[in-house]
Amino acid sequence: MKDGTGRTTTVKFRLLGHMHATSGNGEEVELGPAKQRSVLAMLLSDAGEVVLADQLVDGLWGAAPPPGARGTLYSYVARLRRALHAHGVELRRHTGGYVLQVEQEQVDLHRFLRLVDEAQAVHEGPRAAALLHEALSLCRRELLVGLPGPWAAGTRTRLEQVRVAAALRYHEIQLAAGRAEEIVARIYELAMAHPLDERLAAQLMTALYQCGRQAEAVQVYEAVKENLGSRLGVAPGPDLHGVLLRVLPDRHPAAPTASAAAPHTAPMAGVHLVGAPVVGRPRQLPAALADFTGRDQALDEVVRHLAGSSEHGVGLAVIAGPGGVGKSALAVQAAHRLCQSFPGGQLYVDLHGLDPRPADPAEVLERFLRALGVHRTAIPDGLEPRAEMYRDLLAERRVTVVLDGAGGEAQVQPLLPGAPGSAVLVTSRYRLPGLPGARPWQLGMLPRHDALDLLRAIAGRERFEREPRASDELVCLCAGLPLAVRVAGARLAARPHWPVGRLAARLADPRLCLDELSHGTADVRATLAAGYRLLEEPARRLFTSLGLDGRTRFSAATAAALLGADLPAAHDLLARLVEVCLLDAAGGDEFVMHPLTVVYARERGQAEERATARTGS
């Protein structure tokens, strides 16, 4: 492409691995330190499009950026602009953000995604395999290596999912063509990186069997069985066990040649070897929590409702509530309890309804159809044809469908069965009143005794009995939010030398509170930030004003005064905060904000005050 001066730019950018950029003459472009590289990566991921400064700040530091974050961002952008301009690449300021003027084909990330999309649209095996081989050759190692920040972490996870899905289809085509010898090492490498993925294990076992290495195929099964048992406390699913039965040496004394057909296996979600019989009995539920606590009444009600109502129509339960309240845990627990009532299988999907790019119902339907035994080539294009096939397949089956984290009715409706006999559990921060026939459950906070029981289950009963006063204080500081209780318990379990009072003291400090409520992928601040991102500017301003005010209970009149608005306008904005579960209506004109939500709202308000002071506006 050409920049604004007419010079031709030939810089190539690599994100799928160790990030670097090279000019047309092979010269390395200096990209600076890790955080500066992350800024460039975010700009490259939307090459040619405007990326807002707020997006860059959030992607680099998350919901609570440090003081001076925006100034640091400006310095990163200025350095990148100078470095890239020297090689003919223009980074231009645009209203509220920046545009990096490069063609997508100059970025390996975009080439990879384009090749995968093209392969998805191709039904001919050899052509699809060629496209997938080219795509996979771009990302053979770890993705976005060394790039920090929430954006990089989330993108790394999503790209790895795309890579694994592309590899599964590539392996499928090659195995069906009898090319096991050519790809067995590739499958082995990926399977070792994903030791709990039964789909990859099934393909590795199949490839080894085709190569005449039955004993090694059995060893793969045993290794996966041990990993699943030790890490998750579960056994391999029936599909992987079916592969084992077909590759056992005593059942197949004569090893097939490399050109022989693959052993017939039951289809798995995302894997269907050509010639495999269609069984279509999916088992997609995540593991139920061993320490599930405090929702016995709701659990019994949901199970009874779905088991009874499905005889007359599709049993539909919507479990709503704020982030971290345990909606997903309740839905999965109920789905496990319903397994015997719905023997046709269990379908599960995380709809990522609060993400900037929520799950596409058409793509979800493709996954469901494949899990139900439909070969990829038989799946029609388009949302409506897929929804029709899905409803037809479920018409005479009794299945449980869990739609986790829905962003709205439009995302859910195409995924509902059409005939009586199945049960559907939907979780969402929204109440989803537009779903016909749905029975709602609104989850609230855990009572004190249940929260304490959950802490004991995670970190050990004796520990809390030694410090009853500190234990009570810790429970109060978590304010009944199950996610906060779980994180607190996990932090104590990871630090057996800590007294309970030490963590309680840290949670009592509003400056440290949300930092302490983060452990692994569980993060209270990130959960609250997901709700905040749903708000429009006036509602955000009210939210942060309430945080700076610091009250957990207030009237609509108080909100109007803080906002400098009339009462009807305040009511509209309060309703929006209630809708996304950042606020609860307490009856009359009163509203309640969870104490941890107040802390987060105050953080956001203080950050905005600092930003305003810096700009002088």
Side-chain angles (χ1 to χ4, degrees), residues 154 157-158 160-161 164-165 194-202 224-225 227-241 268-271 281-295 298-299 302-303 306 317-319 321 323-355 358-359 363-364 367-368 370-372 399-406 411-412 415 422-429 441 443 454 457-458 482-483 486-487 490 519-523 526-527 530:
T157 299
R158 289 190 291 274
E160 183 64 11
Q161 292 171 347
V164 170
H194 298 273
L196 302 179
D197 194 318
E198 296 184 49
R199 304 167 302 171
L200 286 168
V224 173
K225 179 181 178 181
N227 273 324
L228 289 171
S230 61
R231 298 191 191 186
L232 302 179
V234 299
D239 298 319
L240 188 61
H241 188 258
M268 291 155 283
V271 179
R281 194 178 176 205
R283 305 279 191 181
Q284 295 186 334
L285 288 181
L289 293 175
D291 54 13
F292 184 80
T293 303
R295 303 294 190 195
L299 177 61
V302 170
V303 170
L306 292 175
V318 175
I319 303 171
V325 81
K327 303 181 293 294
S328 300
L330 175 59
V332 170
Q333 199 82 13
H336 278 285
R337 289 261 291 263
L338 289 164
C339 283
Q340 291 186 346
S341 300
F342 298 90
Q346 301 88 41
L347 296 167
Y348 172 89
V349 65
D350 185 345
L351 293 172
H352 297 287
L354 302 187
D355 287 3
E363 294 177 2
V364 174
R367 290 170 51 191
F368 280 0
R370 295 186 67 192
L372 290 164
V399 301
T400 308
V401 183
V402 179
L403 307 175
D404 202 7
Q411 196 182 24
V412 170
L415 307 177
S422 291
V424 182
L425 295 105
V426 182
T427 73
S428 178
R429 295 204 189 183
W441 273 266
L443 287 194
L454 181 55
I458 297 171
L483 177 62
R486 283 194 173 278
V487 172
H519 184 82
T521 58
D523 190 320
T527 299

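- Between Pro195 and Val224, every side-chain heavy-atom pair lies at or beyond the 4.5 Å cut-off.
- Looking at Gln333, its side chain never comes within 3.5 Å of a backbone N or O of Leu299 through a donor-acceptor pair.
- Asp355 contributes no side-chain N or O that, together with a main-chain N or O of Pro358, makes up a donor-acceptor pair within less than 3.5 Å.
- Evaluated for a side-chain contact (heavy atoms from CB on, under 4.5 Å) with Val402, the options Thr427, Leu425, Asp350 yield exactly one hit, Leu425.
- Closest heavy-atom contact between Ala298 and Leu443: CB-CD2, 4.4 Å.
- Nearest approach of Val401 to Phe368, heavy atoms of both residues: CG1-CE2, 4.1 Å.
- Ala530 and Leu354 make their closest contact through CB-CD1, 3.9 Å (heavy atoms, listed as atom of the first residue, atom of the second, distance).
- The distance from the CG atom of Asn227 to the NZ atom of Lys225 is 13.0 Å, given to the nearest 0.5 Å.
- When every heavy atom of Gly344 is checked against every heavy atom of Arg281, the shortest pair comes out as O-CG, 3.6 Å.
- No side-chain heavy atom of Pro236 sits under 4.5 Å from any side-chain heavy atom of His241.
- For the 3.5 Å distance criterion, the side chains of Glu160 and His194 qualify, holding a donor opposite an acceptor.
- No side-chain donor-acceptor contact under 3.5 Å links His352 to the backbone of Asp404.
- Between atom NE2 of residue His519 and atom CG of residue Asp523 there is a gap of 11.5 Å, rounded to the nearest 0.5 Å.
- Not one N or O on the side chain of Gln284 forms a donor-acceptor pair closer than 3.5 Å with the backbone of Leu347.
- When all heavy atoms are compared, the tightest approach of Cys339 to Gln346 is SG-NE2, 3.5 Å.
- With hydrogens and angles disregarded, a donor-acceptor distance shorter than 3.5 Å links the side chain of Lys327 to the backbone of Gly321.
- When atom types are taken as modelled, the side chain of Glu198 and the backbone of Asp239 share no donor-acceptor pair closer than 3.5 angstrom.
- Between the CZ atom in Phe292 and the NE2 atom in His336 there is a gap of 11.5 Å [rounded to 0.5 Å].
- Trp441 contributes atom CH2, which lies 9.0 Å from atom CG of Leu330 (distance to the nearest 0.5 angstrom).
- The side-chain heavy atoms of Pro482 and Val325, taken from C-beta on, include a pair separated by under 4.5 Å.
- Side-chain contact check for Val426 versus Ile319: every heavy-atom pair is 4.5 Å or farther apart.
- Annotation for Leu351 and Leu403: closest pair CD1-CB, 3.9 Å, computed over non-hydrogen atoms.
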